[in-house]
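Side chains included, hydrogens not; waters and symmetry mates left out as well; all remaining heavy atoms used.
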Amino acid sequence: MEIGLIGLGKMGGNMRERLRRAGHTVIGYDRNHEIADVGSLTELVDAFTTSPKVVWVMVPAGDPTRETVKELGGLLSSGDVVVDGGNSRFTDDKINADHLAEKGIGYVDAGVSGGVWGLKNGYALMVGGSEEDIAKVKPFFEALKPEGDYGYVHAGPVGAGHFAKMVHNGIEYGMMQAYAEGYELLTAADVVQDVPGVLKSWQEGTVVRSWLLDLLVNALQEDPDLADIKGYVNDSGEGRWTIEEAINHAVPVPVLAAALFARFSSRQEDSPAMKAVAALRNQFGGHATTKVGQVATAADLGGPGDTIDS
């Protein structure tokens, strides 16, 4: 079968290869013409020899996706389907679907997880849309998903796929933060002499084993002290959206929220909030403050034996 694929970056490029290995014809377009099969969206649509056409969009969320969907709306025909496989906010999906529906074009939102390992392992897919539109894309879902019974779900109507992926990524934030904090505590205690070895020992037989743990072990094998990595962590939006939806639905998510805020803290070389905390401790309890350029001593740090409020 034929499919158009827009966006051939780290994930899109590997998806094109996995689909081709499954026997599908992939017409790929990217702004980088060196890796593209065609030079424009018009050429992509014209290259199809069969209908209905399925065009899968893998470009950054927000305006790039919205504009691509609008352009496809002017090129495709009634009965065709557009799949948004990027990390769009689920509220964008109804807008995109309604725009395409005016021309009889279907719309499916697909939350895609698997990263750069997806070519080998397959991609977990959480999709939203009508049964009719899903059926037109199903052969490509089958090619992209991992082997076996799991890794694919028709989560519900339009928007359900990206909502599910949003929550997935929020959970990912929390899991990553837990591993990171455990790693830091292990490195802070002199009693543990082989921190990478401890983490590696957790990969089999423990309740905390996971793929994320495997990836952390891989990172420590490449750089045992993580010396080449700065502790600055961005967020791509899904974590924020997860917290916003938790607020909208009055669902407590303290772990996910703390993980998001920890990323914000990582971007502050000298946190204004922590300056205020240090100043307050000094004001009410006479606790020592560490001046700019000064190294904190053990006495400055205090401990659980302190009798003054901390």
Check: Restricting to pairs with a member in residues 95-114, which pass salt bridge (charged side-chain N to carboxylate O under 4.0 Å, His left out), not counting sequence neighbours?
Finding: K94-D98
Margin query: Listing request: all salt bridge (charged side-chain N to carboxylate O under 4.0 Å, His left out) pairs with a residue in residues 37-65, at least two apart in sequence or in separate chains.
Written below: R16-D37, R20-D37, D63-R66
Testing the basics here: between [X] and [Y], what is the closest heavy-atom pair and its distance to 0.1 Å?
X: N121; Y: R18; value: C-NH1, 4.3 Å
X: W56; Y: L125; value: CH2-CD2, 4.4 Å
X: G39; Y: H33; value: O-NE2, 3.5 Å
X: K136; Y: P139; value: O-CD, 3.9 Å
X: V59; Y: T68; value: CG2-OG1, 4.1 Å
X: V82; Y: V57; value: CG1-CG2, 4.1 Å

Side-chain donor-acceptor pair present, [X], [Y], cut-off under 3.5 Å:
X: E2; Y: T50; answer: yes
X: D92; Y: S88; answer: no
X: E238; Y: S236; answer: yes
X: S210; Y: Y179; answer: yes
X: N14; Y: E17; answer: no

More than 12 heavy atoms from other groups under 6.0 Å of [atom1] on [X]:
X: E147; atom1: CD; value: no
X: R31; atom1: CZ; value: no
X: W211; atom1: CH2; value: yes

Note to self: Would the distance check show the side chain of H168 and the main-chain N or O of G111 forming a donor-acceptor pair, the cut-off being under 3.5 Å?
What the structure shows: no
Next item on the list: Using modelled atom types only, decide if a donor and an acceptor are shared between the side chain of R209 and the backbone of T206 within a distance under 3.5 Å.
Entry: yes
Notebook entry, point to check: Does Q177 have any side-chain contact (heavy atoms from CB on, under 4.5 Å) partners at least two apart in sequence or in another chain, and if so, which?
Noted result: E181, A259, A262
Item checked: Pair D133 + K138: basic N to acidic O under 4.0 Å -> no
Check: Does the pair E244/R89 count as a salt bridge with the N-to-O cut at 4.0 Å?
Finding: yes
